[in-house]
Novice: 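Handing you this structure, nothing more for now.
Computed from a prediction, not measured in an experiment: that's the story for all the values here. Excluded from the calculations below are hydrogen atoms, water molecules and symmetry mates; all remaining heavy atoms, backbone and side chain alike, are included. The chains referred to below are lettered A, B, ... by the order of the sequence lines, with proteins before strands, and numbering in each begins at 1.
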Number of protein chains: 2
Amino acid sequence: MPIRRSALKSGPAKTETRQATSRGATREQVDAAIRTGLLTGRFIPGKAVTIRGLAAELGVSPMPVREVLQRLAAENALEVKPNGRVQVPDMTPARFDEVLKARLLLEPELAELALPHLTAGAAGDLQSIDDDIDRCLVSGDAEAYMRLNHAFHFSIYRATGSKVLLPLIDSLWLQFAPFMRTVYGRVGTASLVDRHKEAIRAIKLRDKQALRVAIAADISQGMGILGKEILAGT
Amino acid sequence: MPIRRSALKSGPAKTETRQATSRGATREQVDAAIRTGLLTGRFIPGKAVTIRGLAAELGVSPMPVREVLQRLAAENALEVKPNGRVQVPDMTPARFDEVLKARLLLEPELAELALPHLTAGAAGDLQSIDDDIDRCLVSGDAEAYMRLNHAFHFSIYRATGSKVLLPLIDSLWLQFAPFMRTVYGRVGTASLVDRHKEAIRAIKLRDKQALRVAIAADISQGMGILGKEILAGT
DNA sequence: CGTGTCATTTTGTGATCACAAAATCCTGCT
DNA sequence: AGCAGGATTTTGTGATCACAAAATGACACG
């Protein structure tokens, strides 16, 4: 068997005995693995992902993988083709416009809703995340950047305790993240800029309008880079 | 075996032989059955729904039901409790506010995007649906009303060919529809009013701003009735 | 050398099984 | 009668199996 690059694990296959797994623990583990794999761009759009393949990589039976794949397909993070094959959907200009529009409608709203729940401590955490992001930008670690950028935004949104809007935004991120990764692989991270500091300042000043503007600008700017690429490439 | 009210089928159990089922046909059938069951309010919020129970009602093995339930849980149409039981989440004031806010953000937007695709023929179809709705309101058929109201809105939204915003709105409807049904069962359909005729007129006039206003007003008004109930009842 | 055809393998799907946790029911006691 | 405790049933979960469809590869023919 040829040694091929695993999309989910870098180390050798874990063969530990299954133990102390409470109700539905295996599925959660599989779900988390695939989900973070999508958010950090470890899956290539257009490339088919097989149930048995993932199951083997994660050392579980195909069963939990099947259910997780169905879940992610329901969130439009994955696409089930008519023949049953499942793959990361590739980005089209129309899809991209829709994702951008939806993000601009929902995320500033949720950020504003989060503002009353964001304490000074939360602002400090965001500051810390943003510092890490800056380090990733200069070092060019695209995967870490994507993970931290996700953490930055969702640290804000999660403060709302939202059970409706937050999952919608979650779905949106899962849809554009894999595409984002391919672009960063092409243009690097040096050209990336964000409005995180502006957002942090707005949070500290408790200025909800400024926060909306900062988040919206951050989205427009970040997605703008992607948008130019999608029109340039095929 | 006692004859109990089936949540999905009104007639006797179909025992036809499985045949000519192409790839994934069983799952699609189960998905459609449960989904329309949710949209027409045939499931009671808070009432647990069992895999084996649904499988028996639909005459299939538990397997496709499991996957469909996972899908619907991913869309927040169903809730998986920590012990694995699955149920229709019951509405809370916070959830309700969020759904309303999300609908007001997304649906007018998608309606406006749909306008260029809505031909005169489409307007006629909407008119026809709205006429049926009016008949349901006087006859008091809540289930038919819900199905037709859904058809009215989504006939508009689907015209966009949207692959991102439309699924988000789909998820929202699945979340409030079951709750809607319980309210209608309590207050009847006589007090229901909508802004559909206003929307149809806006479409005919190709007035996108008027269409936005009509859709937003329709949502606010329809949800307003529900909102009062959720505060009144527990 | 390209191309169509056929055999082989891979893959998704639905069903069934085994097991543990949870819920339910029944019983016996106060 | 009310209630606690245990036995029984129900239920979700993960694994495995059988089957058909699809993808892949090999191979002969033009």
Side-chain angles (χ1 to χ4, degrees), chain A residues 1-2 4 7 13-34 43-44 46-74 77-89, chain B residues 1-2 4 7 13-34 43-44 46-74 77-89:
Chain A
M1 180 173 112
R4 65 191 169 94
K14 297 187 298 183
T15 48
E16 84 283 32
T17 60
R18 175 156 356 283
Q19 61 174 359
T21 60
S22 62
R23 198 77 168 209
T26 306
R27 182 170 55 214
E28 272 183 31
Q29 162 200 341
V30 171
D31 187 281
I34 301 181
F43 292 93
I44 296 103
K47 191 74 167 280
V49 50
T50 67
I51 293 176
R52 285 173 167 91
L54 280 177
E57 278 189 28
L58 295 167
V60 298
S61 93
M63 186 63 49
V65 178
R66 276 166 65 168
E67 297 187 353
V68 169
L69 257 46
Q70 289 294 326
R71 283 186 75 105
L72 290 168
L78 292 174
E79 181 186 22
V80 286
K81 306 198 72 178
N83 50 359
R85 294 296 278 273
V86 56
Q87 68 176 46
V88 179
Chain B
M1 178 174 117
R4 66 192 167 93
K14 296 187 299 182
T15 48
E16 83 281 30
T17 59
R18 177 160 353 286
Q19 60 173 1
T21 60
S22 61
R23 196 78 167 211
T26 306
R27 183 170 55 212
E28 271 184 33
Q29 162 200 341
V30 172
D31 188 279
I34 301 181
F43 292 94
I44 295 104
K47 191 73 168 279
V49 49
T50 67
I51 294 177
R52 284 174 168 92
L54 280 176
E57 278 188 29
L58 295 167
V60 299
S61 94
M63 186 63 49
V65 178
R66 278 167 64 169
E67 297 189 351
V68 169
L69 257 45
Q70 288 294 326
R71 282 187 76 105
L72 290 167
L78 293 173
E79 180 186 22
V80 286
K81 305 199 73 179
N83 50 1
R85 294 296 277 273
V86 144
Q87 69 175 47
V88 180

Novice: Going by heavy atoms in the side chains, are B/E28 and B/R23 under 4.5 Å from each other?
Specialist: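 Contact flag for B/E28/B/R23 side chains = no.
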Novice: Mind checking side chain to side chain donor-acceptor pair (under 3.5 Å) for B/E67 and listing every partner two or more places apart, or none if nothing turns up?
Specialist: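 B/E67 satisfies side chain to side chain donor-acceptor pair (under 3.5 Å) with A/R66, B/R27 once adjacent residues are dropped.
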Novice: Going by the rule side-chain contact (heavy atoms from CB on, under 4.5 Å), which residues pair with A/K81 if we only count those two or more places apart in sequence or in a different chain?
Specialist: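 Once residues adjacent in sequence are excluded, the partners of A/K81 under the side-chain contact (heavy atoms from CB on, under 4.5 Å) criterion are A/N83, A/Q87.
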Novice: Whole angstrom is fine here: how far is it from CG in A/L58 over to P in D/dG14?
Specialist: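 Distance check: A/L58 CG to D/dG14 P gives 13 Å.
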Novice: C/dA15, OP1 or OP2 - any side-chain N/O from B/S61 closer than 4.0 Å?
Specialist: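 Yes, B/S61 has a side-chain N/O under 4.0 Å of OP1/OP2 on C/dA15.
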Novice: Do you know which of B/L69, B/L72, B/T50 makes side-chain contact (heavy atoms from CB on, under 4.5 Å) with B/V86?
Specialist: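 Option passing the side-chain contact (heavy atoms from CB on, under 4.5 Å) with B/V86: B/L69.
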Novice: Taking the side chain as every heavy atom from C-beta outward, state whether A/V30 and A/L54 have any pair of such atoms under 4.5 Å apart.
Specialist: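 Contact flag for A/V30/A/L54 side chains = no.
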Novice: Mark up nucleotides 7-13 of chain C, 5' to 3', with B wherever a protein heavy atom is under 4.0 angstrom from a base atom, S wherever such an atom reaches only the sugar-phosphate, and - elsewhere.
Specialist: ----BBB
